[in-house]
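The next block holds one structure in the form of structure tokens; read it before the comments.
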Amino acid sequence: MPELPEVETVRRDLASLAVGRVIEQVEATAPRCIRRHPSAEDFCGRLAGGRIGEVDRRGKYLLVRLDGGVVLVVHLGMSGQLLWVPAEAVADEPRRKHTHVVLTLDAGEVRYVDPRTFGELFVTTDDVPELAHLGPDAIAVGPADLKTVLRARRTQLKPLLMDQRFLAGIGNLYADEILWLAKLRYDRPADSLTAAEVRRLHAAMVETLNAAIERRGSSLADEQYRDLFGAVGDYQADHNAYDREGKPCPRCGRPIVRLKWSGRSTFLCPRCQR
DNA sequence: ACAAATACCTGTAAGC
DNA sequence: TGCTTACAGGTATTTG
């Protein structure tokens with residue numbers, strides 16, 4: 001599930017490959033994946049001929065900035081992948097099922113593949129008004145800002161961490177990992193945290209996200225998340241709580257518990273997390 | 001006005 | 001074996 005660390009991994013690799021390249025051709029075959037555009041012609045026409053300036057990220061959104069103030073925004077949703085195919089390999093690698101968008105650069109193809117089509121791509125202006133609702137990036141937020149966020153109206157800690165309006169970049173997986181490291185329960189009222197607990201949460205957030213980026217993200221059993229080169233991430237091996245139901249808590253040895261909560265799975269150590 | 005629930009999707013796996 | 005059902009969950013929208 002692409003969250004901040006996975007998107008950041010793709011961002012770095014895409015930047016190293018694509019900056020300075022020209023988009024020679026664009027194909028878009030799934031209307032749902034470009035649903036903000038009236039037509040494929042509109043989407044493709046705005047990109048064709050553009051030269052890639054830089055590749056940024058805001059939360060889980062990838063921002064491919066083209067010369068002239070045009071921005072291609074990519075959100076991978078649940079099952080989206082961006083895959084790089086070098087020009088010399090294009091003929092040998094047929095496009096996989098669910099390949100919905102292809103950008104042809106002078107050095108190769110960037111293919112957008114997404115079975116569940118929760119992800120999307122759209123072209124906008126460089127101020128990206130569509131993302132104005134996003135809160136500060138989870139990896140860049142300071143302790144003081146986090147304190148402000150926690151005083152928000154929402155009550156419970158986990159949905160607040162996952163609310164992109166308050167903090168951008170955290171999803172279900174990293175919320176569980178961060179809360180485990182911070183020794184905090186998912187259902188703690190956000191405004192009940194002591195100053196020390198807020199500091200712990202902040203440290204856990206920065207540490208977890210940076211460690212996951214270092215390991216190129218998490219891929220679960222379904223291996224839905226792949227990087228730009230089709231490789232899985234390594235961070236799942238370092239998970240302490242997520243997807244570890246029944247396995248011992250690395251801190252206290254008691255089994256990790258899985259809860260069905262708010263329609264989603266939550267993994268925690270009921271002994272360590274208070 | 002806010003928060004909880006639901007719709008959108010398909011591949012995989014568990015269960016009968 | 002083959003079918004049905006449950007599940008994964010980010011975001012937008014609907015409902016309460």
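A note on names: the letters A, B, ... follow the listed sequences, proteins ahead of strands, and every chain is numbered from 1. Every heavy atom of this structure was used, including side-chain atoms; hydrogens, water molecules and symmetry mates were not.
Ion pair R258(A)/D243(A) not flagged as a salt bridge, since none of the NZ, NE, NH1 or NH2 atoms sits closer than 4.0 Å to an Asp/Glu carboxylate oxygen. A salt bridge links R95(A) and E109(A); the closest N-O separation between the charged side-chain nitrogens and carboxylate oxygens is under 4.0 Å. Using a 4.0 Å cut-off between charged side-chain N and carboxylate O, D238(A) and R215(A) make a salt bridge.
An end-to-end axis angle of 60° holds for the helix from dC2(B)-dG16(C) to dC16(B)-dG2(C), taken from five base pairs per end and rounded to 10°.
R116(A) places its CZ atom 7 Å from the C1' atom of dT10(B), with the value rounded to the nearest Å.
Listed pair H98(A) / dG11(B) meets the phosphate criterion, a side-chain N or O lying under 4.0 Å from OP1 or OP2. The side chain of K260(A) contributes no N or O atom lying less than 4.0 Å from OP1 or OP2 of dA6(C).
Counting non-hydrogen atoms under 4.0 angstrom, S79(A) reaches nothing in the nucleic acid.
Under the 4.5 angstrom side-chain criterion for Ile, Leu, Val, Met, Phe, Trp and Tyr, the cluster partners of V113(A) are L83(A). Within the hydrophobic cluster formed by Ile, Leu, Val, Met, Phe, Trp and Tyr side chains joined at under 4.5 Å, directly or through other members, V85(A) is accompanied by V90(A).
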Donor-acceptor pairs under 3.5 Å, side chain of residues 49-56 of chain A to any protein atom, not counting sequence neighbours: which ones?
residue : atom : partner : partner atom : Å
R51(A)  : NH1  : D67(A)  : OD1          : 3.4
R51(A)  : NH1  : D67(A)  : OD2          : 2.7
D56(A)  : OD2  : R65(A)  : NE           : 2.5

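Every pair passing salt bridge (Lys or Arg N to Asp or Glu O under 4.0 Å) that includes a residue from residues 29-38 of chain A is listed here, sequence neighbours excluded: R36(A)-E120(A).
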Let me have a per-nucleotide readout for nucleotides 10-15 of chain C, 5' to 3', with B, S or -, counting only protein heavy atoms under 4.0 Å.
BSS---

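For the residue pair Y174(A) / E6(A), a side-chain donor-acceptor distance below 3.5 Å is found, with atom types taken as modelled.
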